[in-house]
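All remarks here apply to the structure that follows.
As the structure is a prediction and not an experimental result, all values here were calculated from the model. So that the names make sense, note that chain A is the first sequence line, chain B the second, and so on, each numbered from 1.
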Number of protein chains: 2
Amino acid sequence: MDTAVASIRQTSVEHILAATEPVFAKHGFEGATMAQLAAAAGLPKANLHYYFGTKEGLYRAVLEGILALWLDDAAEWIVPERHPAEGFAGYVRAKMTHSRERPDASRIFADELLRGAPHIMMYLGIELRNRVTELAAVIEGWTARGLMDAVHPVHLLFNIWAMTQTYADFDVQIRAVLGKVSIDDAEFAVATETVVALVLKGCGVRPSEGRLP
Amino acid sequence: MDTAVASIRQTSVEHILAATEPVFAKHGFEGATMAQLAAAAGLPKANLHYYFGTKEGLYRAVLEGILALWLDDAAEWIVPERHPAEGFAGYVRAKMTHSRERPDASRIFADELLRGAPHIMMYLGIELRNRVTELAAVIEGWTARGLMDAVHPVHLLFNIWAMTQTYADFDVQIRAVLGKVSIDDAEFAVATETVVALVLKGCGVRPSEGRLP
DNA sequence: GTCTATATAGCGATAGAC
DNA sequence: GTCTATCGCTATATAGAC
């Protein structure tokens, strides 16, 4: 089962998941067709049905890989041991890096939310909600220690997600308004530091002076 | 032509546009079917084809109504005559009100961007881009007059749009995380003032003291 | 496990009676 | 202007040879 040797099944499954992610990102679950998905994987449609049963089964498998990726950034940066200046800046930069390197993952998640989250309602209401409760406690702790202003921690998180993910989800609008065919590294760095500054100054985060109290 | 008497055509067109907006918001352009759209309007499919020709024709008509709505808020609030404390707060509150009252419009626009803006590329690159250039000049003027910090004006606008529209587009996530079936007025007011504070403090906007210099 | 060929259902769009 | 019936096509899914 869990040997280091990649079984044919495992290899095929991983190949199909990676190859079909851009198709779901481009067309959404409803818009993507099995013919497109199969063509992207370089396989006949029947093979996708063999491994995932239905189009929805394939989509759920793609989604689950994305959700696992999603929760990790916050757990690394929004922790009591850090000063909020470091924690928020690190978190925003990590999210922005994800928006740059895995925009398709962000778009699939955005599409799922836009449709009313028909496939991940339980994840939102239980797993994500629990994580947010933990993060909110850390942020309130920072405020209690006088390291930043009192800001509604949950709405702050919603806004950090919104700002960072807009650079993946609505990338086409950003490129059109900036008049650029693609967003280069320098422009993306400007965007990242604009968001970092908005969050740090917007929350009245005191400057980090070495160790925490 | 332009009389005050509503022609049958005009009445039907407006009815269909209003009735189908929620369907496009829920399923997107590709996901919505003519059968669903017709059912929402309480008409046979053939009637929709009679007035709009194709599904795409209907969708474009819905989109155009939304775009017209979209550009007005900024032109009212982000103007040189206002102090940025008043301008940004008013703009954010206006956008938040739109997210609360016309969430379907925001979602249709979000879906269009997520798909790569196949129907409104020209609007983004020309009309919206020109408007943004004007708004950026106003914001830079505020900075030059010492009323706020130097913030990249275009990225600031991207982030204001992201924060305000997330309350329409990703409303399902917000409700799930907050554990509420619907967002009540009090919660929405908290959200609004959280965004207002993030923008004003984040941009280092000086307090408004009566008249402008 | 792989792939061709096909079954069945639903799609956008239209013809033509009213 | 309205509506029923239906065309032609493409969708998801599967049967069955290899």
Side-chain angles (χ1 to χ4, degrees), chain A residues 1-64 108 111-112 115 118-119, chain B residues 1-64 108 111-112 115 118-119:
Chain A
M1 296 290 193
D2 210 35
T3 72
V5 183
S7 66
I8 289 181
R9 175 161 214 101
Q10 189 184 339
T11 306
S12 293
V13 163
E14 283 169 11
H15 165 71
I16 293 169
L17 290 176
T20 56
E21 184 178 281
V23 180
F24 281 123
K26 178 93 183 161
H27 300 280
F29 169 63
E30 288 181 292
T33 70
M34 289 301 286
Q36 290 173 319
L37 295 162
L43 293 168
K45 292 186 293 176
N47 291 35
L48 275 59
H49 279 106
Y50 173 72
Y51 283 111
F52 296 96
T54 65
K55 176 181 161 182
E56 181 170 5
L58 170 56
Y59 174 71
R60 294 186 92 104
V62 171
L63 255 185
E64 274 161 34
I108 291 171
D111 185 73
E112 174 67 15
R115 304 284 149 257
H119 304 95
Chain B
M1 295 287 196
D2 210 37
T3 72
V5 182
S7 66
I8 290 181
R9 176 162 213 100
Q10 188 185 340
T11 306
S12 292
V13 162
E14 282 169 12
H15 165 72
I16 294 169
L17 290 176
T20 55
E21 184 177 281
V23 180
F24 280 123
K26 178 97 182 158
H27 300 281
F29 169 64
E30 287 182 294
T33 70
M34 289 302 288
Q36 290 172 320
L37 295 163
L43 292 168
K45 291 188 295 174
N47 292 34
L48 275 59
H49 279 107
Y50 172 73
Y51 284 112
F52 296 96
T54 64
K55 177 180 166 184
E56 182 171 5
L58 170 57
Y59 175 71
R60 296 187 89 106
V62 172
L63 254 186
E64 273 160 35
I108 292 171
D111 184 72
E112 174 67 14
R115 303 284 150 257
H119 305 94

If you round to the nearest 0.5 Å, how far is CD of A:E30 from NE2 of B:H27?
6.0 Å
Distance col, row B:L48:CG vs B:L58:CG, nearest 0.5 angstrom, shows 5.5 Å
Short of 4.0 Å, heavy atom to strand atom, which residues of residues 16-44 of chain B count as contacting DNA chain D?
B:L43, B:P44
For A:N47 and C:dT4, what is the distance between atoms CG and C1' respectively, to the nearest whole Å?
11 Å
Which whole-number value in Å describes the distance from B:I8 CD1 to D:dT2 C1'?
10 Å
Where A:D111 and A:G28 come nearest, the two heavy atoms and their spacing:
OD2-CA, 3.6 Å
side-chain N/O B:Y51 vs D:dT2 OP1/OP2, d < 4.0 Å:
yes
Atom-to-atom span, CZ of B:F52 to P of C:dA13 - whole angstrom
14 Å
Working to the nearest 0.5 Å, report the span between OG1 of B:T20 and CD1 of B:I108.
7.5 Å
Where at least one partner belongs to residues 37-62 of chain A, residue pairs that pass salt bridge (Lys or Arg N to Asp or Glu O under 4.0 Å), sequence neighbours excluded
A:E56-A:R60
Are B:R115 and B:F29 close enough, and set up right, to give a side chain to side chain contact (heavy atoms under 4.5 Å, CB included), and what steps lead you there?
CA-CA 10 Å; B:R115 303 284 150 257; B:F29 169 64; over 6 Å; no
Would a distance-only check, ignoring hydrogens and angles, find a side-chain to backbone donor-acceptor pair under 3.5 Å from A:S7 to A:Q10?
yes
Listed pairs, N/O of protein and of nucleotides 14-18 of chain C, under 3.5 Å:
none

Rounded to the nearest 0.5 Å, how far apart are CG of B:L37 and CG of B:N47?
13.0 Å
Send over the distance from A:Y50 OH to D:dA15 P, rounded to a whole Å.
15 Å
Could you tell me the separation between the CG atom of A:L48 and the P atom of D:dA11, rounded to a whole number of Å?
15 Å
